Number of protein chains: 2
Amino acid sequence: MISNKTKYGLKALAFLSKQEKGILVPISTIAESENISQKFLESILLSLRKAGFLGSKKGKGGGYYLLKDAKDIKVASIFRILEGPIAMVPCVSLNFYEKCSDCPDENKCSVHRLMIQIRDNTLAILENSTLADFVI
Amino acid sequence: MISNKTKYGLKALAFLSKQEKGILVPISTIAESENISQKFLESILLSLRKAGFLGSKKGKGGGYYLLKDAKDIKVASIFRILEGPIAMVPCVSLNFYEKCSDCPDENKCSVHRLMIQIRDNTLAILENSTLADFVI
DNA sequence: TTAAATCCTACTAGTCCGATAGGGTAATAG
DNA sequence: CTATTACCCTATCGGACTAGTAGGATTTAA
């Protein structure tokens, strides 16, 4: 299960990608349209801006906008910012690797192998789909 | 990320599947071999027994054993017992479906479609691999 | 009868999620 | 200049969940 944070983030990005280029969308508009708590969405968009996905403009008439083309934003990278690891166990994560304390030898661990299989498959989808692909 | 509960459960089942038929393995043996807290493992094996995967015998010389052949135990079904939903969002879960409160129409939700894709792919692995497949 | 093992319930410390509160800062309209 | 709009930032918090822990009841073999 992914967190609401990730789900909301994806929805917000999808919303922004549907706008015409150059349009600034205030948080309130997205929050109302997608039924998300405005304050919560605020912190999510902040993360996405700091991660380099979004630009923003303050003050009256301000708002958020996509910095890159939707087709150049991989879903996998959004996931890593908002959710963290994509793998199901830390010991098979490429970007957030951590050793399992209970496992003396990963190569002899049955679970390890299974999890690598799942990770590779999920990654194949997430690395190959962009914001442009999944937006309706 | 999956819980330790699921990871430990998979490890324990893997361990049991490596035993000769008819052998009873006490919790303590599995716990020591796999570096799992015995008490915690106790509750996990209890769930697996109640779910019909394991048989047990009490008293001296007692222990746990697989009720079915390892090749007849799908990883997906173990997952559903220990972890719950396999899907990344409740609104695409086959066995644990729940409507998203923020989403008025699933068919118009971009995230929904993406999540279905991931679910189907993960499911393809989990439904088609058995305990026998992934044990080393 | 004793030791070994499962069974079962209840409790808990800690962590994380999903938000909320409350203001600070910048930009713009008028 | 001033009011308004909107982003920026930190702190806090209740509730749920995780990963155990505690303590004993029950069953069986020797």
Side-chain angles (χ1 to χ4, degrees), chain A residues 1-12 16 23-32 34-51 53-67 81-85 88-90 96 98 100-102, chain B residues 1-12 16 23-32 34-67 81-85 88-90 96 98 100-103:
Chain A
M1 290 276 141
I2 58 170
S3 60
N4 278 354
K5 185 176 170 187
T6 302
K7 189 178 74 171
Y8 294 161
L10 287 169
K11 281 185 146 191
L16 286 172
I23 298 287
L24 295 176
V25 186
I27 297 176
S28 57
T29 304
I30 307 177
E32 276 168 37
E34 303 292 338
N35 300 302
I36 305 169
S37 147
Q38 179 165 338
K39 274 293 195 180
F40 190 26
L41 184 56
E42 225 176 284
S43 68
I44 297 170
L45 296 187
L46 206 58
S47 310
L48 290 172
R49 195 209 49 156
K50 287 182 178 172
F53 294 106
L54 299 179
S56 64
K57 199 180 167 214
K58 285 189 185 179
K60 206 164 187 174
Y64 279 96
Y65 57 96
L66 281 185
L67 274 180
I81 297 300
L82 297 177
E83 190 69 21
M88 282 191 167
V89 282
F96 299 84
E98 265 177 67
C100 290
S101 60
D102 57 297
Chain B
M1 289 279 141
I2 58 171
S3 60
N4 279 354
K5 186 177 169 186
T6 303
K7 188 178 73 171
Y8 293 162
L10 286 169
K11 281 185 147 192
L16 286 171
I23 297 288
L24 295 175
V25 186
I27 297 176
S28 56
T29 304
I30 307 177
E32 276 168 38
E34 303 292 335
N35 299 302
I36 305 170
S37 145
Q38 178 164 341
K39 274 295 195 179
F40 190 26
L41 185 56
E42 222 176 287
S43 68
I44 297 170
L45 295 187
L46 206 58
S47 309
L48 290 171
R49 196 209 50 159
K50 287 182 177 169
F53 294 106
L54 298 179
S56 64
K57 200 180 167 214
K58 284 190 186 178
K60 204 166 188 175
Y64 279 96
Y65 57 96
L66 281 185
L67 273 179
I81 298 301
L82 297 176
E83 190 68 22
M88 282 192 167
V89 283
F96 299 85
E98 264 177 68
C100 289
S101 60
D102 57 296
C103 209

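Letters A, B, ... mirror the listed sequences (proteins, then strands); counts begin at 1. Not measured: the values here are computed from a predicted model.
Here the side chain of B:Lys58 is nearest to one of D:dA29, D:dT26, D:dT4, namely D:dT26.
Using a 4.0 Å heavy-atom distance criterion, A:Lys50 is classed as a sugar-phosphate-only contact.
The footprint of chain B on DNA chain C, defined by a heavy-atom cutoff below 4.0 Å, extends from C:dA4 to C:dC8.
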Result block: side-chain N/O donor-acceptor pairs under 3.5 angstrom for residues 39-49 of chain A, not counting sequence neighbours:
{"unit_1": "A:Ser43", "atom_1": "OG", "unit_2": "A:Phe40", "atom_2": "O", "d": "2.8"}
{"unit_1": "A:Ser47", "atom_1": "OG", "unit_2": "A:Ser43", "atom_2": "O", "d": "3.1"}

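Counting heavy atoms from C-beta on, the side chains of B:Ile30 and B:Val25 come closer than 4.5 Å. Looking only at side-chain heavy atoms (C-beta outward), B:Tyr8 and B:Ile36 come within less than 4.5 Å of each other. Side-chain contact between B:Pro85 and B:Glu98 is absent, with no heavy-atom pair separated by less than 4.5 Å.
Interatomic distance, A:Asn35 CG to B:Asp102 CG, rounded to the nearest 0.5 Å: 6.5 Å. In this structure, the separation between OH on A:Tyr64 and CG on A:Leu24 is 11.5 Å, given to the nearest 0.5 Å. In this structure, NZ on A:Lys7 lies 10.5 Å from CD on A:Glu34, to the nearest 0.5 angstrom.
Contacts of residues 34-47 of chain B with DNA chain D (heavy atom under 4.0 Å): B:Ser37, B:Lys39, B:Phe40.
The CD1 atom of A:Ile27 sits 6 Å away from the C1' atom of D:dC7 (whole-angstrom rounding). As a whole-Å value, the separation of A:Tyr65 OH from D:dC7 P is 12 Å.
Contact annotation: B:Asn4 side-chain N/O to D:dG20 OP1/OP2 distance is under 4.0 Å.
Between A:Ile81 and A:Phe53, the closest heavy-atom pair is CG1-CE1, 3.6 Å.
Along DNA chain C, the nucleotide nearest to A:Lys5 and the one nearest to A:Gly59 differ in position, and the one closer to the 5' end is contacted by A:Lys5.
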